[in-house]
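Reviewing the structure listed below.
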Protein chains: 2
Amino acid sequence: MNADAGSTRQSLLKAAYEEIHRYGFQAASLNAILDRTGVTKGALYHHFSSKLQLGYAVLDEHITDELESLWFKPMQQPGHPIEVLKAAIKQLGDHYECEEITLGCPLNNLAQEMSAIDDGFRQRVDTLYQRWQSSIEALLTRGQQQGSVNTSIDAADTAFFILASLEGCMSMAKNAQSHNELMRCGKGLMNYLNSLRA
Amino acid sequence: MNADAGSTRQSLLKAAYEEIHRYGFQAASLNAILDRTGVTKGALYHHFSSKLQLGYAVLDEHITDELESLWFKPMQQPGHPIEVLKAAIKQLGDHYECEEITLGCPLNNLAQEMSAIDDGFRQRVDTLYQRWQSSIEALLTRGQQQGSVNTSIDAADTAFFILASLEGCMSMAKNAQSHNELMRCGKGLMNYLNSLRA
DNA sequence: TCACCAACATACCAACCAGTATGTATCTCT
DNA sequence: AGAGATACATACTGGTTGGTATGTTGGTGA
């Protein structure tokens with residue numbers, strides 16, 4: 001592979017991610033992505049066989065990587081499971097304060113827009129959501145074994161609900177366009193997490 | 001106004017709602033809406049000055065009405081606040097079982113897609129969310145006064161979190177395309193609601 | 001009865017869209 | 001050195017989009 005080939009592909013991926021994050025996949029314009037990068041259409045179609053494949057690549061590579069560093073890595077921290085969770089959520093909130101909170105969670109955006117009309121997107125998002133849920137579930141289970149988390153709850157169901165609430169909070173904050181609403185929602189989430197202690 | 005004029009407008013609104021519900025506002029095709037209704041383009045632009053205004057009307061009329069009968073009305077029921085909430089949520093779940101759950105909550109869909117790129121949509125959705133939240137808040141406050149809801153919680157914050165969780169649950173279920181996941185998430189939500197009792 | 005207007009219908013338009021056909025420069029492998 | 005592949009660049013196409021210009025029809029008030 002050419003030395004530049006990788007970077008051309010990466011810059012396309014990054015620009016496509018940003019365009020999709022703002023306008024959604026369907027409304028994202030390939031020409032806008034090309035303008036933004038200075039790459040030509042021939043180059044784009046050399047690296048990706050269609051707009052759909054470009055979208056899949058954004059999910060499989062860029063968004064997966066982001067989730068890795070923003071969630072799965074913080075989840076590896078040692079300590080009280082509830083505190084680790086709270087810290088990971090806080091970090092996520094901080095990140096979306098720097099980035100525009102108004103653009104919402106990229107994964108949730110794609111889930112909402114595409115899951116009903118394209119199964120390729122749906123399955124990819126589903127896989128990521130399952131990994132996300134499993135990471136929370138594992139943490140809760142560990143806490144239950146250690147005696148720091150209430151054993152009367154079902155770890156899997158609870159993990160699923162925590163993830164849903166988290167996405168819901170980001171969704172509400174996105175529409176309200178205010179970090180204040182995100183904090184408000186975060187407060188409710190923190191209260192709920194505290195209620196899971198043993 | 002002509003006798004048929006109202007019904008033409010209504011059928012456009014209904015078809016537009018369905019098209020937007022499935023494909024989103026931006027991807028909704030006016031021609032598809034026309035095909036579906038048998039109305040001509042001239043008629044459409046006689047009733048609505050632009051696609052955007054049609055979208056606003058769908059929100060202001062169709063979706064607002066749906067929320068009225070699906071949420072605000074059940075919320076008027078007498079009884080224990082937590083039970084009223086649970087019943088309203090259950091009814092909402094049942095409704096989205098009949099309709100395709102995979103299409104998601106119409107309000108949440110529009111919020112996700114449009115809030116970042118059009119302020120007219122954003123403000124309309126925001127108003128509806130605020131009414132929604134207020135209805136939950138009022139119920140919780142009533143419960144606190146009656147002694148049936150824990151007085152240590154902040155009713156406004158909690159109402160906001162409940163709404164966020166609810167939207168999050170529907171969002172997750174939409175992507176999973178399974179009623180099972182909706183039930184799972186509902187279980188978590190019910191547990192949380194029970195924890196709010198006095 | 002005649003003017004007027006609401007409620008359409010038909011035909012059209014420029015802009016934009018994803019995608020393609022074709023050409024070319026450079027790099028690699030033999 | 002020559003063949004082939006990689007990595008683009010340019011110019012184009014057919015289809016779709018939201019929107020418009022112009023015509024027609026039927027009811028209604030003066």
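Just so we're clear, the structure is a prediction, and the values are computed from it rather than from any experiment.
Between B/Thr8 and the phosphate of C/dA7, there is no side-chain N or O to OP1/OP2 separation shorter than 4.0 Å. Close to D/dT6, at under 4.0 Å from its OP1 or OP2, lies no side-chain N or O of A/His47. Remark: B/His46 is in phosphate contact with C/dA7, judged by side-chain N or O atoms under 4.0 Å from OP1 or OP2.
With a 6.0 Å cutoff to the six-membered ring centre and a 45° limit on the axis angle, A/Lys51 counts as a cation-pi contact of A/Phe25.
Ring geometry for B/Phe121 against B/Tyr56 counts as perpendicular: the plane angle is over 60°, on a 0 to 90° scale with 30° as the lower cut.
In terms of the side-chain hydrogen bond (donor to acceptor under 3.5 Å, both in side chains) criterion, residue partners of B/Asp119 (sequence neighbours excluded) are, by chain and number, B/Arg122, B/Gln123.
Between the OH atom of A/Tyr45 and the P atom of D/dA11 there is a distance of 18 Å, given to the nearest Å. Atom CZ of A/Phe48 is separated from atom P of D/dT6 by 16 Å (rounded to the nearest Å). Counting to the nearest Å, the P atom of C/dC17 and the CD atom of A/Glu19 are 10 Å from each other. Atom pair B/Leu44:CG and C/dA9:P shows a separation of 11 Å (rounding to whole Å applied). Across the protein-nucleic acid pair, A/Leu34 atom CG and D/dC8 atom C1' stand 13 Å apart, rounded to whole Å. Separating the OH atom of A/Tyr23 from the P atom of C/dC17 is a distance of 11 Å, rounded to the nearest angstrom.
Set against D/dT20, D/dC8, C/dG19, the side chain of A/Ala43 has D/dC8 as its closest nucleotide.
In this structure, B/Phe161 has its ring center under 6.0 Å from that of B/Tyr192.
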* In the 5'-to-3' direction, what one-character label does each nucleotide of nucleotides 12-17 of chain D receive under the scheme B = base within less than 4.0 Å of a protein heavy atom, S = sugar-phosphate only, - = no such atom? -> -----S
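With 3.5 Å as the limit, one finds a donor-acceptor pair spanning the side chains of A/Ser152 and A/Asn150. Between the side chains of A/Glu66 and A/Tyr17, at least one donor-acceptor pair of N or O atoms lies under 3.5 Å.
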